[in-house]
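Heads up: the structure comes next, in structure tokens.
Letters A, B, ... are given to chains in the order of the sequence lines, protein chains preceding strands, and every chain is numbered from 1.
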Amino acid sequence: MSDTPELNRTAPAAARLPEILRLLHAEYPDAACALDHRSALELLVATILSAQCTDERVNKVTPALFARYPDALALAEADRTELEEMIHSTGFYRNKAKNIQEACRRLVTVYDGQVPANMADLLTLPGVARKTANVVLGTSYRIADGVVVDTHVKRLSERLGLTAQSDPEKIERDLMALAPQDDWIDLSHLLIFHGRRVCDARKPKCSACVIADLCPSAPRYSDVG
DNA sequence: ATCCCGAGGG
DNA sequence: CCCTCTGGAT
């Protein structure tokens, strides 16, 4: 598009972001939450399980989990050991089982068994911080209170020069300042899809990346040869 | 900063 | 073997 790719990749983030989003949206028109769920509660549980674990693996355990424990009360009253066994393969299973159960107990006692649709109340649930709350708010309630900053969004934001921060909450503030609120939910899904398929942690496929020209971390053609 | 934790890829 | 995967609490 431009005659001077160097200018693009060194341009301010605010100037590059709209084009980055446009290109990624064309590349991943169906980018969306990849955690299987049928309700806000199922998404909340799936998101807690997704910590340091692929969504694919979470999707392997949740069908049986949700069949066995169909609502917050069932999870609140579940046998802890049985719950741990059902989610064992997702890792961190003691912490995750405890958080899921304690969160569900609070949902039952304080929120009438419903998942609250606002950030402040979600953050009172054990095991729920801004990342998880943003996933539930954005996907289940269509509320863009912030930007989901997971391991992919963090890595890509750093590589793309969208932030100079390393703390996820500071990265989130930078992204919220860079993108219009209507793009906040989509932004995370696009970066996550791109992070999984192209810009992976180990060996990013820069030669196959549609936004390489806009990325300060991508090798230049003169370097590649 | 450290701990929790399993599974898959390189 | 080492690194990574839609983190959060201490």
Nearest heavy atoms of A:E172 and A:V147, plus distance in Å: OE2-N, 3.1 Å

Pairwise C1' distance, B:dG8 and C:dG8 [rounded to whole Å]: 23 Å

Donor on one side chain, acceptor on other, A:R22 and A:H25, under 3.5 Å: no

Carboxylate-amine/guanidinium proximity below 4.0 Å for A:E158 and A:K154: yes

Under 4.0 Å protein heavy-atom contacts per nucleotide of nucleotides 3-10 of chain C, with B for base, S for backbone only and - for none: BSBBBSS-

Nucleotide range of DNA chain B lying under 4.0 Å from chain A heavy atoms: B:dC4 to B:dG10

Ion pair A:D200/A:K205, N-O distance below 4.0 Å: yes

Comparing A:T90 and A:K203 on DNA chain B - which has the more 5′ nearest nucleotide: A:T90

Heavy-atom closest contact (A:S89 atom, A:R57 atom, distance): O-CD, 3.0 Å

Span that lies between the P atom of B:dC3 and that of C:dT6, in whole angstrom: 24 Å

Nearest heavy atoms of A:A13 and A:G161, plus distance in Å: CB-O, 3.6 Å

Nearest heavy atoms of A:A46 and A:V58, plus distance in Å: O-CG1, 3.6 Å

Of residues 175-188 of chain A, the positions that come close to DNA chain B - non-hydrogen atoms, cut-off under 4.0 Å: none

Electrostatic pair A:R16:A:E19 at N-O distance under 4.0 angstrom: no

Test: A:E82 and A:R68 ion pair at under 4.0 Å: yes

Nearest heavy-atom neighbours spanning A:T139 and A:H189: OG1-NE2, 4.0 Å

